[in-house]
> 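Quick one: the structure is below, questions incoming.
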2 protein chains.
Amino acid sequence: MLNYQPTPQMPLDMAFQALSDPTRRVMVERLSQGPASVSELARPLDMTLSAVVQHLAVLEASGLVRSEKVGRVRTCRIEPETLTAVERWVAERRATWERRFDRLGALLAETESKPRKRKS
Amino acid sequence: MLNYQPTPQMPLDMAFQALSDPTRRVMVERLSQGPASVSELARPLDMTLSAVVQHLAVLEASGLVRSEKVGRVRTCRIEPETLTAVERWVAERRATWERRFDRLGALLAETESKPRKRKS
DNA sequence: TTGATACTTAAGTGAATGCTTAACTATCAG
DNA sequence: CTGATAGTTAAGCATTCACTTAAGTATCAA
């Protein structure tokens, strides 16, 4: 972690970036309830199919979504692994500050129950 | 969720966006182990203080970080709520596709153990 | 074969990002 | 008061983004 420089695109960058767009989150929401074609994904969205395809490309590049074409329809589905990696990163941060929070609580409880050795 | 249009910046947008930058993630990582001043945050980063301040502004706008100035030093700390909201969104998607996955598994198990009523 | 469907790709545009430099403004220590 | 410290703010710049329009290309159905 020391002196980390924002080198190329690491996986988490792309995943968070992909999820930062509400349109793409709607797409992920849809796909988490099951596979869908591109036009199915596009239906509730207020933009051209072309734009949706571009959003899909971002989702695929990030590894959040995978798709394959059969005939003329492309079927998309979520790639759980990547979403899990995102969840894990957040969970790790939380674990860290919760640990600290607990230590702090314990410390406070201690200095309050036996307040000897105080200088003031 | 139907016909949702990417109107103004909603909280999750800003949080995911903020986390999509590796520099900012390093800052959040640092802050999850405890409060820090701006220059402390800047120390491991290979960029000007000015840039760090700008990253900090993004983190604050997203609600991931809060800060207050005492004297000439600004102390920053994470705002757990927002990070939790991010975690929750991901967890909800996972819950959804896991539920579906389970149903699918159950269905497969059933058609395999008692394969009567098949048409082929 | 002829439409219609389901994408695909390229080019263009305005706005947002991630920096930098440069010039300031407040503390605090001696 | 006078530096040094700690941060702030504005302007500029190259890139990336989220679209759009427009012009394709493969299927599939009749």
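Chain naming here is simple, since letters A, B, ... match the order of the sequence lines and numbering starts at 1 in each. Below, all heavy atoms of this structure are taken into account, side chains as well, without hydrogens, waters or symmetry copies.
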> Tell me which of A:Lys69 and A:Gln54 sits closer to the 5' end of DNA chain C, going by the nucleotide each one is nearest to.
A:Lys69

> Can you check whether B:Gln17 has a side-chain N or O nearer than 4.0 Å to OP1 or OP2 of C:dT17?
yes

> Give one of base, sugar-phosphate or nothing for B:Ser50, where a contact means two heavy atoms less than 4.0 Å apart.
base

> Specify the separation, in whole Å, of atom CZ of B:Arg74 and atom P of C:dC28.
14 Å

> Assuming nearest nucleotide by heavy-atom distance, tell me which of A:Glu40 and B:Thr48 is located more 5' along DNA chain C.
A:Glu40

> Less than 4.0 angstrom between a side-chain N/O of A:Ser39 and OP1 or OP2 of C:dC7, yes or no?
yes

> Given atom CG of B:Leu56 and atom P of D:dA6, what is their separation to the nearest angstrom?
16 Å

> Write down the distance between CZ (A:Phe16) and P (D:dC17), rounded to a whole number of angstrom.
17 Å

> Where the side chain of B:Val73 is concerned, which of C:dT8, D:dA18, D:dA6 is the nearest nucleotide?
D:dA6

> If every non-hydrogen atom of A:Arg100 is compared with every non-hydrogen atom of B:Pro35, which pair is closest and at what distance?
NH1-CD, 3.8 Å

> Within this structure, what is the CG-to-P distance between A:Leu45 and D:dA18, rounded to whole angstrom?
14 Å

> Side-chain heavy atoms under 4.5 angstrom apart, residues restricted to Ile, Leu, Val, Met, Phe, Trp, Tyr: same cluster for A:Leu31 and B:Leu12?
yes

> Using a strict cut-off of less than 4.0 Å between a Lys/Arg side-chain nitrogen and an Asp/Glu carboxylate oxygen, indicate whether B:Glu68 and B:Arg74 qualify as a salt bridge.
no

> Is the ring pair A:Phe16/A:Trp89 parallel, tilted or perpendicular, if the boundaries are 30 and 60 degrees?
perpendicular

> Does B:Arg72 have a side-chain nitrogen or oxygen under 4.0 Å from the phosphate oxygens OP1 or OP2 of D:dA4?
no

> Please tell me which of A:Val58 and B:Thr75 maps to the more 5' nucleotide of DNA chain D, matching each residue to the nucleotide holding its nearest heavy atom.
B:Thr75

> Closest approach to the side chain of B:Leu49, judged atom by atom: which nucleotide of D:dA18, C:dC19, D:dT8 is it?
D:dT8

> Compare side-chain N and O positions of B:His55 against OP1 and OP2 of C:dC19 and report whether any pair is under 4.0 Å apart.
yes

